Amino acid sequence: MAESLLYALAAFVTVQLFYYLFFFTRLAFYGKGANYGKAMPGVTVLVCAWNERDNLTELLPLLDAQEYPEFEVILLDDRSDDGSEEYIRSNIFQWKHIRYIRINDQFDHVTPKKYALTVGMKQAKYPIALMTDADCRPSSSHWITAMTSRVTPDKDIVLGFSPYFRDKGMLNWFIRCETFYTAVQYLSFTLAGMTYMGVGRNILYKRSVFFANKGFYTHKNVYGGDDDIFLNEVSTSENTTISIEEDSFVYSRPKTTWRDWYRQKTRHISVSRYYKPRNKILLALLSGSHIAVWLLGLVALVFGLITRDYLSLQYLGIIVAVRWVIQWFLLIIINLKLDKTVEWFSFLLMDFALFVYYTVFGFVTLTKRRPRRTWN
């Protein structure tokens with residue numbers, strides 16, 4: 001039995017190492033080198049908001065102060081009743097680049113956020129659309145520049161990184177870990193020509209791509225998916241790239257209760273069933289092998305201790321160490337590129353926490369009911 005466990009464990013570790021060495025090394029050794037000096041196209045920044053007055057008081061001045069030759073910011077206010085409209089209308093004259101569109105309509109055949117984004121796309125002045133959310137904060141006044149610098153005649157879509165602000169508590173730490181590891185995956189897969197998602201808090205694409213795809217038509221009534229189902233449809237191995245310049249980062253505040261975070265994650269996970277089969281298989285193998293490595297490793301450890309099979313324990317240690325050294329080395333390099341999102345010394349705990357996360361949400365995915373409908 002010990003031999004069978006070790007063979008199975010070695011097989012799943014091999015699967016994990018394939019992802020680390022074939023995919024994640026691309027991000028670990030990806031050069032930054034954005035060309036800030038080249039001619040920049042006009043950009044329209046789209047911000048959807050629903051009852052976000054407090055956030056807008058901070059975000060809009062930051063967006064208006066962006067240092068970029070030609071841009072506009074369209075605020076799409078979807079039926080807010082928290083004083084957002086009054087605040088915008090009384091302050092808009094002090095901002096040079098802000099345009100305000102109030103959306104009072106709601107339709108059964110399309111979700112509110114996708115309708116708002118579609119309105120923004122149609123009203124935009126410039127050929128490049130850059131999206132973020134009202135609760136986000138660009139890391140610098142060169143955010144637009146850093147994202148747009150990656151646009152070329154062949155690159156229509158640019159995926160950015162959107163970490164969460166660091167705070168105290170286990171929930172904040174875990175959200176940062178999960179966000180970091182998710183970014184490792186979608187940024188690495190994009191560099192391998194297999195884009196499957198982006199993050200709506202920081203994503204750019206040419207408006208021509210949006211209209212050529214008929215916008216969100218194929219999933220207009222699905223809550224969520226404006227940043228991953230859409231990319232599953234329009235991205236190719238040639239037209240999508242990433243930006244991981246420090247100036248391109250957009251920060252936001254994470255959920256502060258486990259209940260709110262759970263609702264958010266179940267909504268995000270619910271749209272994964274619309275992914276392309278290739279994406280589903282690759283992601284299932286990655287998370288499934290992660291679960292298997294921990295389960296088999298723990299079972300082999302307990303079995304070896306009970307039977308006092310010290311030779312098997314030595315082999316177990318070697319197998320686990322090979323995975324851990326390669327994982328630790330690559331994650332440290334990537335973590336440095338992504339603004340040290342996670343404390344490096346907590347990577348082992350992060351790996352275990354992700355094992356629990358994949359196990360729990362794998363079960364939830366198989367048994368969940370339709371997610372509760374929310375605006376964003």
Side-chain angles (χ1 to χ4, degrees), residues 9-30 32 139 160-192 197 199 242 244 246 249 251-252 254-255 258 261 265 268 282-301 313 315-362:
L9 176 62
F12 283 111
V13 166
T14 300
V15 173
Q16 287 271 291
L17 293 182
F18 167 75
Y19 282 90
Y20 275 90
L21 297 176
F22 182 78
F23 289 104
F24 299 169
T25 51
R26 298 171 189 266
L27 181 59
F29 302 109
Y30 179 72
K32 296 182 180 181
S139 63
F161 177 51
S162 185
Y164 285 106
F165 286 114
R166 184 171 302 192
D167 206 346
K168 296 179 180 179
M170 180 62 71
L171 176 59
N172 179 272
W173 171 80
F174 179 71
I175 290 176
R176 286 188 285 113
C177 289
E178 192 271 332
T179 300
F180 166 70
Y181 195 61
T182 298
V184 171
Q185 294 174 52
Y186 75 77
L187 294 174
S188 297
F189 276 52
T190 296
L191 292 176
M197 67 163 281
V199 175
I242 69 173
I244 54 172
E246 288 84 353
F249 298 160
Y251 285 82
S252 62
K255 300 298 183 182
W258 287 99
W261 172 78
K265 292 309 300 182
H268 289 169
L282 285 171
L283 293 171
L285 280 175
L286 178 58
S287 58
S289 60
H290 193 133
I291 293 172
V293 165
W294 273 96
L295 282 178
L296 291 172
L298 291 173
V299 171
L301 175 62
L313 290 175
Y315 285 127
L316 172 64
I318 292 171
I319 295 171
V320 171
V322 169
R323 173 184 181 265
W324 173 237
V325 169
I326 294 175
Q327 178 189 52
W328 183 79
F329 174 71
L330 291 176
L331 290 183
I332 281 185
I333 296 175
I334 296 173
N335 195 41
L336 291 173
K337 291 178 181 287
L338 300 184
D339 204 27
K340 301 178 182 178
T341 307
V342 180
E343 298 83 355
W344 67 268
F345 52 82
S346 66
F347 280 156
L348 180 58
L349 181 59
M350 178 187 81
D351 197 62
F352 177 76
L354 288 171
F355 152 66
V356 175
Y357 166 75
Y358 288 141
T359 303
V360 171
F361 277 92

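Quick note: numbers below take in every heavy atom, side chains included, and nothing from hydrogens, waters or symmetry partners. The structure displayed is predicted, hence computed values, not measured ones.
One distance of note links CG of D167 with CZ of R176; it measures 8.5 Å at 0.5 Å rounding. Atom CD1 of residue I333 and atom CZ of residue F29 lie 4.0 Å apart, to the nearest 0.5 angstrom. One distance of note links CH2 of W261 with CG of N172; it measures 12.5 Å at 0.5 Å rounding. Between the CG atom of L27 and the CD1 atom of I334 there is a distance of 4.5 Å, given to the nearest 0.5 Å. Atom OG of S188 is separated from atom CZ of F22 by 11.0 Å, given to the nearest 0.5 angstrom. In this structure, OH on Y30 lies 6.5 Å from CD1 on I244, to the nearest 0.5 angstrom.
The two residues P254 and Y164 have their closest heavy-atom pair at N-CD2, 3.4 Å. Closest heavy-atom contact between L283 and Q185: CD2-OE1, 3.7 Å. Listed here is the closest heavy atom pair of L285 and S289: O-OG, 2.7 Å. Between F161 and Y186, the shortest heavy-atom distance links the atoms CA-OH, 4.0 Å. When all heavy atoms of L330 and A28 are compared, the closest pair comes out as CD2-CB, 3.9 Å.
Put simply, the side chain of E178 never gets that close to the backbone of L354: no donor and acceptor are under 3.5 Å apart. Under a 3.5 Å cut-off, the side chain of S287 and the backbone N or O of Y358 do not form any donor-acceptor pair.
Counting non-hydrogen atoms of neighbouring residues, nucleotides and ligands closer than 6.0 angstrom, the CH2 atom of W258 exceeds 12 such neighbours. For CZ of F329, the number of neighbouring non-hydrogen atoms (other residues, nucleotides, ligands) closer than 6.0 Å is 12 at most.
Partner of T341 under the side chain to side chain contact (heavy atoms under 4.5 Å, CB included) criterion, out of T179, N335, V184: N335 alone. Residue F12 forms a side chain to side chain contact (heavy atoms under 4.5 Å, CB included) with just one option from L295, V293, I319, and that option is V293.
Taking the six-membered ring for Trp and thresholds of 30 and 60 degrees, Y19 and F24 have ring planes inclined between 30 and 60 degrees apart. A tilted orientation is assigned to the rings of F355 and F352, their planes being inclined by 30° to 60°.
Residues F180 and W344 keep their aromatic ring centres 6.0 Å or farther apart. In this structure, W324 has its ring center at least 6.0 angstrom away from the ring center of F347.
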Task: Verdict with supporting geometry, R323 and D351, salt bridge (Lys or Arg N to Asp or Glu O under 4.0 Å) - done: CA-CA 11 Å; R323 173 184 181 265; D351 197 62; 3.0 Å; yes

- [ ] Step by step, work out the side-chain contact (heavy atoms from CB on, under 4.5 Å) result for L9 and V299.
- [x] CA-CA 10 Å; L9 176 62; V299 171; over 6 Å; no

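In summary, E246 and K337 do not engage in a salt bridge, as defined by a charged side-chain N under 4.0 Å from a carboxylate O.
The shortest side-chain heavy-atom distance between M350 and W173 falls under the 4.5 Å cut-off. For the pair M197 and T182, the minimum side-chain heavy-atom distance is below 4.5 Å.
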